[in-house]
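Take a look at the structure set out below.
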Protein chains: 2
Amino acid sequence: MAGRNLVGPKADALDLGAVFRALADEHRRSVMTQLAADRSDSERGCNSFDLPISKQTQTHHFRVLREAGLIDEIDYGNRKGIRLRRADIEKRFPGLLTLLGEDSPGGTAPR
Amino acid sequence: MAGRNLVGPKADALDLGAVFRALADEHRRSVMTQLAADRSDSERGCNSFDLPISKQTQTHHFRVLREAGLIDEIDYGNRKGIRLRRADIEKRFPGLLTLLGEDSPGGTAPR
DNA sequence: CTTCAGGTACGATGCAAGTCATACCTGAAG
DNA sequence: CTTCAGGTATGACTTGCATCGTACCTGAAG
């Protein structure tokens with residue numbers, strides 16, 4: 001059964017504000033970092049990210065990422081696939097995905 | 001009179017989460033875009049950005065940008081200077097400033 | 001059919017953040 | 001000195017958002 005691809009903005013319509021808002025959250029950034037690290041861009045299940053939050057909150061976060069245009073969500077009914085929109089992101093905001101890999105090597109940020 | 005440079009994180013301590021949170025706000029992103037566009041990196045007055053918000057709120061936004069490590073604030077007492085930390089940003093998150101120039105060419109962002 | 005796991009919808013809650021009003025500080029100019 | 005413009009501190013208000021509880025939907029396996 002081919003799942004339906006849930007709607008998101010077209011590549012040209014990606015909004016930098018929405019992207020930064022999406023990436024401002026630690027959990028969403030974690031998802032994006034894991035996706036960006038896999039150069040094969042294979043489809044992943046949404047429970048493969050080991051997020052320490054409830055199902056409902058995960059649904060919320062994936063929706064935010066999709067509406068920002070960062071991922072595709074493929075709906076299989078009782079299952080969901082996640083795929084990084086690498087080409088669109090690189091076309092509109094080249095270098096953005098590379099930045100996600102630069103996340104705090106030194107760690108302890110002063111608050 | 002040499003003003004005192006208000007404290008911010010060192011280049012190595014820049015946190016991507018704090019940076020994205022700072023850039024998630026439209027007014028702060030506007031300031032950063034204007035700063036990034038000026039390749040001479042000259043010091044600017046903080047009322048040179050034409051922000052449609054009150055003084056107190058501007059103070060708040062500049063503080064957030066400074067604490068994220070994106071700008072330096074130079075305190076002259078009854079005046080304040082703003083300078084982009086271009087070198088530090090480029091060292092820690094190369095390409096980030098370039099992204100700010102890619103902001104919505106079509107203008108009207110869909111909400 | 002029933003059962004069950006994965007996912008969504010709706011509502012409520014708690015906290016962080018953007019905004020402004022009032023009052024005060026700082027330095028320069030009369 | 002006084003006056004004035006630029007900036008800050010504090011507090012209050014409001015909005016947005018991350019989180020979860022409850023209930024419901026979907027498809028696969030018995």
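Below, read A as the first sequence line, B as the second, and so on, with proteins coming before strands; counting in each chain starts at 1.
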For this session: Extract the stems that DNA chain D is part of, considering only consecutive pairing runs of at least three Watson-Crick or G-U wobble pairs, both distances under 3.5 Å.
Result: C:1-30 with D:1-30

For this session: Please state whether the phosphate of C:dA9, meaning OP1 or OP2, lies under 4.0 angstrom from any side-chain nitrogen or oxygen of A:R63.
Result: yes

Problem set entry | side-chain hydrogen bond (donor to acceptor under 3.5 Å, both in side chains) partners for A:T33, two or more places apart | none

Problem set entry | Test item: A:R86 side-chain N/O and A:D41 main-chain N/O as donor-acceptor pair under 3.5 Å | no

Exercise. In whole Å, what is the span from the CZ atom of A:R44 to the P atom of C:dG6?
Worked result: 16 Å

Problem set entry | Rounded distance in Å - CD (A:E73) to C1' (D:dT26) | 16 Å

Seminar exercise, completed: When rounded to whole Å, the CZ to P distance for the pair A:R4 and C:dT8 reads 11 Å

For this session: Rounded to the nearest angstrom, tell me the gap between atom CD in A:E26 and atom C1' in D:dT19.
Result: 14 Å

Exercise. What is the distance, rounded to the nearest whole Å, between atom CD1 of B:I74 and atom C1' of D:dG6?
Worked result: 16 Å

For this session: Check whether any side-chain heavy atom of A:D38 lies under 4.5 Å from a side-chain heavy atom of A:L84, and answer yes or no.
Result: no

Exercise. Who are the side-chain hydrogen bond (donor to acceptor under 3.5 Å, both in side chains) partners of A:E43, not counting sequence neighbours?
Worked result: A:Y76, A:R83

Exercise. What's the CZ-C1' distance between B:R66 and D:dT8, to the nearest Å?
Worked result: 12 Å

For this session: Please identify each residue that fulfils ring-ring contact (aromatic ring centres under 6.0 Å, His included) with B:H60, with sequence neighbours left out.
Result: none

For this session: Would you jot down, in residue-number order, the residues of residues 47-62 of chain B having a non-hydrogen atom under 4.0 Å from DNA chain D?
Result: B:K55, B:Q56, B:T59

Exercise. Residues two or more places apart in sequence or in another chain: which of them pass salt bridge (charged side-chain N to carboxylate O under 4.0 Å, His left out) with A:D75?
Worked result: A:R4

Exercise. Pairs in or reaching into residues 6-26 of chain A: which pass ring pair (Phe, Tyr, Trp, His ring centres under 6.0 Å), with residues at least two apart or in two chains?
Worked result: A:F20-B:F20

For this session: Using heavy atoms to find the nearest nucleotide of DNA chain D for A:R28 and A:N78 separately, return the residue whose nucleotide is more 5′.
Result: A:R28

For this session: Starting from P on D:dG27, measure out to NZ on A:K80 and report it in whole angstrom.
Result: 15 Å

Exercise. Hey, does B:D75 reach any base, or is it just sugar-phosphate, or nothing, if we go heavy atoms under 4.0 Å?
Worked result: nothing

For this session: Kindly write out the residues that satisfy salt bridge (charged side-chain N to carboxylate O under 4.0 Å, His left out) with B:R28, not counting sequence neighbours, or none if the list is empty.
Result: none

For this session: May I have the distance from B:H27 (atom NE2) to D:dG16 (atom C1'), rounded to whole angstrom?
Result: 15 Å

Exercise. Which residue pairs pass the ring pair (Phe, Tyr, Trp, His ring centres under 6.0 Å) test with at least one member in residues 37-56 of chain A, sequence neighbours excluded?
Worked result: A:F49-A:F62

